[in-house]
Amino acid sequence: MAILVKQEKNAMSGDEAVAYAAKQSDVDVVAAYPITPQTIIVEKFSEYVANGEVETEFVCVESEHSAMAACLSASVTGARTFTATASAGLALMHEMLFVTSGCRAPVVMAVANRALSAPLNIHGDHSDGMAQRDSGWIQLYAENAQEAYDSIIQAFRIAEDVNVLLPVMVGLDGFTLSHTLENVETLPDDAVKKFVGTRRLPNVLTHEGKTVPFKLDPDNPMTMGPIALQNYYFEFKRQQEEAMKNALTVIQQVNDEFAEVSGRKYGNGLVDAYCLEDAEIAAVCLGSTAGTMKTIVDNLRQEGVRAGLLRLRTFRPLPVEEIRSALENVKAIAVMDKSMSFGGNGGAVFHEVRHALYDANVQPLGVNYIYGLGGRDTSPRELRGIYEDLQRILQTKRVEKPIQYLELRE
Amino acid sequence: MTTEEWKFTTKDIAEKPDLFLSGHRACAGCGPATVLRMIMKATRGPTIVTEATGCMEVVSSIYPYTSWAVPWLHTAFETAAANASGIESALKIMKKKGKVKQEHVDVIAIAGDGGTYDIGIQALSGAVERGHDFLFVLYDNEAYMNTGIQRSGGTPHGAATTTSPAGTVIPGKLEYKKPIAEIMVAHEMPYVATASPYYWRDMLTKVRRGLEVEGPAFLHVFAPCPRGWRSDPAKSIEYSKLVVETCVFPLWESINGQCQLSTPSKLIALAPQKKKPVTDYLKGQGRFSHMFKPQGKKLLEEVQRVTDERWQRLLAKCGMAQ
Ligand SMILES: Cc1ncc(C[n+]2csc(CCOP(=O)(O)OP(=O)(O)O)c2C)c(N)n1
Ligand code: SF4
Ligand SMILES: [Mg+2]
């Protein structure tokens with residue numbers, strides 16, 4: 001076991017923790033636009049810039065669309081690049097998210113997950129992130145402010161790995177994490193700097209047979225973001241999918257290496273399995289809800305109920321194998337969605353977890369709980385009710401209502 | 001960065017290797033392709049180009065081929081100026097951190113009228129307001145050509161396009177061309193100019209000035225499109241002369257807000273009898289052909305009237321009111 005570095009305990013909101021992580025990660029360019037509940041990140045970062053605490057070019061752009069375009073362009077010029085957004089801002093970036101992943105630009109972005117209009121709502125849910133799940137970005141969802149801090153640092157390593165070279169978004173639940181003070185242990189600056197290192201550029205072969213770094217460089221002119229037609233486009237997309245597959249390994253490696261420095265580990269980096277070894281019933285969720293759910297599992301365990309929890313820390317790439325092996329022996333599962341997939345017969349997480357279980361030897365019974373939309377409070381009592389439902393399902397071996405809504409007037 | 005004196009003689013130009021190479025897929029007589037090849041002759045050293053979606057992007061970058069001998073980036077239709085912001089910012093900080101070797105790298109953003117007047121204006125306005133050091137080149141072929149000749153904010157009054165067809169009730173585009181260069185001057189930016197490829201030395205000089213100036217520069221280049229204008233491919237350069245001689249597209253530049261006519265237009269201002277009627281320019285272009293039928297007479301008169309008004313306003317701005 002390596003000796004851990006000395007860390008400092010700070011009272012920080014999730015947003016502050018994210019800004020602090022970006023500050024320590026030797027970022028070259030930040031281009032960002034304010035939106036609740038992410039604004040604190042941009043504000044904090046502006047303070048670092050104004051006080052000369054960072055060597056970063058801060059581009060205070062006029063929209064999120066331009067934020068992503070500027071990040072992408074800076075990134076392919078060779079810069080380490082960071083931004084943050086939420087909700088409408090992420091939706092406005094939609095077009096550029098695909099261009100960024102398609103250009104293989106390892107931009108790191110914090111998303112303070114928030115509801116989408118209409119009606120307008122500034123509070124936390126996962127509608128924004130889920131709507132971008134096919135944009136070619138790696139998606140990590142943090143359970144608490146500590147993990148948000150740690151994940152941003154890890155994200156640079158994951159994104160910039162030459163076998164990955166994909167952008168990463170780190171989700172932190174709007175308000176629940178973004179605005180709530182927590183104890184956050186921060187690493188010393190030099191430890192973070194060492195962990196993230198300087199950005200390495202992959203080498204590519206030019207048509208002249210020269211090996212050159214993959215960036216916009218007047219010494220080695222390269223055409224980036226070209227038009228590729230029926231004869232080549234498909235190969236570009238296939239390569240992105242391969243990079244996603246590579247990310248499954250890299251995310252785990254980075255999670256392990258980070259543990260050696262900090263002593264903190266998030267499951268295997270992909271999934272965080274809690275009391276699942278012998279569980280008969282289990283819930284599956286993303287983000288901060290897992291904190292409450294773990295307490296409920298503890299209580300149930302004391303009562304002799306074999307309950308467990310699977311938190312998907314990585315949602316893209318979807319860790320299909322890990323989901324399957326974690327849930328294969330569970331008899332009934334409840335999948336929790338903090339967003340709607342309108343007309344999709346259940347939420348996105350439900351669809352994907354069920355998809356992962358299709359190849360399992362035995363499929364557990366499954367029920368979907370949609371909860372917390374627009375920041376709707378979901379009480380621990382209601383969440384405990386999920387496990388009580390699962391116990392009933394276990395007894396009757398029947399799912400009566402596969403899609404349920406928590407704390408909702410009907 | 002200081003620049004060596006360069007006279008832009010024919011010899012200079014012929015000797016400088018092309019940076020926008022042949023083999024691209026532009027139509028015969030394509031004004032924008034000529035403009036790009038020419039403006040790249042006026043670059044002064046290490047340069048990165050970023051381009052908006054549009055005809056020139058599409059014809060020059062069909063994978064696995066490229067016409068670009070400089071580093072080049074395309075991301076989307078509305079992002080040319082935002083891209084330039086990102087590239088310039090990256091170069092600035094990486095230079096500071098010793099991660100870029102070059103003493104200076106020029107950044108040029110290129111977009112068509114759609115990528116400038118319409119969908120790209122927000123990013124352009126923002127980038128100019130923030131004061132990034134880059135040159136924005138608008139090649140204005142006066143419609144969305146890449147998608148099949150639809151009207152833009154830069155399409156002139158009366159022109160027929162596929163979304164402003166000359167019908168029996170509506171005679172082509174009803175609205176007027178947006179004064180984009182003046183809008184850019186209103187940003188109080190250091191350098192704004194208009195150019196037309198017939199006056200190539202004037203155009204190259206303006207490109208070089210735009211690069212030399214510190215901060216944002218905007219160059220509005222007139223660029224005939226025979227395909228979209230239903231005009232003779234052999235006449236693209238002739239139209240780029242007539243458009244100036246008729247004062248439909250006068251040549252001027254604004255340096256730190258001081259507006260002055262460039263020589264070809266100044267000569268007309270000094271000898272108003274040299275100013276040609278707009279019909280000299282409009283005739284022969286298929287997009288205006290309905291205006292030469294009996295029912296188009298009023299439209300022609302109106303185009304002449306508005307051209308004269310705009311010309312007078314420009315003269316006043318340049319202190320040459322008549
Ligand atoms: C967001 C978005 N909307 C629409 C398009 C379709 N589109 C591509 S190029 C283009 C027109 C380009 O016009 P312009 O900028 O004038 O360049 P030109 O093709 O005339 O050279 C349009 C509408 C697009 N690529 N992206
Ligand atoms: S359509 Fe017009 S602008 Fe496009 S390549 Fe052809 S001539 Fe050039
Ligand atoms: Mg056009």
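If you're wondering where the values come from, they're calculated on a predicted model, not measured in any experiment. Quick note: numbers below take in every heavy atom, side chains included, and nothing from hydrogens, waters or symmetry partners. Naming: A, B, ... by sequence-line order, numbering from 1 per chain.
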What pairs of donor and acceptor atoms, side-chain ones from residues 48-55 of chain A against any protein atom, are under 3.5 angstrom apart with sequence neighbours left out?
| from | atom 1 | to | atom 2 | distance (Å) |
| --- | --- | --- | --- | --- |
| A:Asn51 | ND2 | A:Glu47 | O | 3.3 |
| A:Glu53 | OE1 | A:Lys23 | NZ | 3.0 |

**OP:** Start with the C-alpha gap between A:Phe236 and B:Tyr63, add the side-chain angles, then the distance that decides, and say whether ring pair (Phe, Tyr, Trp, His ring centres under 6.0 Å) holds.
**Re:** CA-CA 11 Å; A:Phe236 279 84; B:Tyr63 189 87; 4.9 Å; yes
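- Counting all heavy atoms, side chain and backbone alike, A:Glu62 lies closest to B:Ala127 at OE1-N, 4.5 Å.
- For a residue to count as touching a neighbouring chain, one of its non-hydrogen atoms must lie under 4.5 Å from one of that chain's; by this rule B:Glu78 touches chain A with the side chain only.
- Neither the backbone nor the side chain of A:Met68 comes within contact range of chain B; no heavy atoms are under 4.5 Å apart.
- Ranked by heavy-atom pairs under 4.5 Å with chain B, the first of A:Glu95, A:His207, A:Arg80, A:Arg199 is A:Glu95.
- For A:Phe234, there are no ring-ring contact (aromatic ring centres under 6.0 Å, His included) partners, not counting sequence neighbours.
- With a 4.5 angstrom heavy-atom cutoff, B:Ile87 touches chain A via backbone and side-chain atoms both.
- If you measure heavy-atom distances from A:Ala228 to chain B, the contacts under 4.5 Å come from both the backbone and the side chain.
- Of all heavy-atom pairs spanning B:Thr75 and A:Val99, the tightest one is O-CG1, 3.3 Å.
- Heavy atoms of A:Val30 lying under 4.5 Å from chain B are absent altogether.
- Chosen from A:Gly102, A:Ala31, A:Gly78, the residue pairing most often with chain B at heavy-atom distances under 4.5 Å is A:Gly78.
- Checking side-chain atoms of B:His74 against main-chain N and O of A:Gly225 turns up a donor-acceptor pair under 3.5 Å.
- Summarising the geometry of A:Cys60 relative to B:Arg130, their closest heavy-atom pair is O-CD, 3.4 Å, with the distance given to 0.1 Å.
- Within residues 208-223 of chain A, the residues approaching chain B closer than 4.5 Å by heavy atoms are, in numerical order, A:Lys215, A:Leu216, A:Asp217, A:Pro218, A:Asp219, A:Pro221, A:Met222, A:Thr223.
- With respect to B:Ser89, the side-chain contact (heavy atoms from CB on, under 4.5 Å) criterion is satisfied by exactly one of A:Thr77, A:Thr56, A:Val59: A:Val59.
- Separating the CD1 atom in A:Ile227 from the CD atom in B:Glu57 is a distance of 6.0 Å, to the nearest 0.5 Å.
- For B:Lys99, the parts sitting under 4.5 Å from any heavy atom of chain A are the backbone and the side chain alike.
- Few gaps surround CD on A:Glu235; more than 12 heavy atoms of other groups in view lie less than 6.0 Å from it.
- Taking each heavy atom of B:Trp72 and A:Pro226 in turn, the nearest pair found is CZ3-CA, 4.2 Å.
- Considering CG of A:Leu72 and CG of B:Leu73, their distance stands at 6.0 Å, rounded to 0.5 Å.
- Partners of A:Asp134 according to the salt bridge (Lys or Arg N to Asp or Glu O under 4.0 Å) rule, which considers only residues two or more places apart in sequence or in another chain, are A:Arg316.
- The most heavy-atom pairs under 4.5 Å with chain B, out of A:Cys71, A:Ala69, A:Ala67, come from A:Ala69.
- For B:Val58, the parts sitting under 4.5 Å from any heavy atom of chain A are the backbone and the side chain alike.
- Counting non-hydrogen atoms of other residues, nucleotides and ligands closer than 6.0 Å to CZ of A:Arg133 gives a total above 12.
- Interface remark: B:Ala69 contributes backbone atoms only to the contact with chain A (heavy atom separation under 4.5 Å).
- With rounding to the nearest 0.5 angstrom, the NZ atom of B:Lys96 is 11.5 Å from the CG atom of A:Asp28.
- Atom NZ of A:Lys245 has 12 or fewer heavy atoms from other residues, nucleotides or ligands within 6.0 Å.
- Residues A:Ser63 and B:Gln122 form a side-chain contact, since some pair of their non-hydrogen atoms from C-beta on lies under 4.5 Å apart.
- From B:Thr79, atom OG1 reaches atom CE of A:Met96 across 4.5 Å, with rounding to the nearest 0.5 Å.
- To the nearest 0.5 Å, the span separating CG on B:Asn83 from OG on A:Ser66 amounts to 9.0 Å.
- Taking the side chain as every heavy atom from C-beta outward, A:Glu57 and B:Met94 never approach each other to under 4.5 Å.
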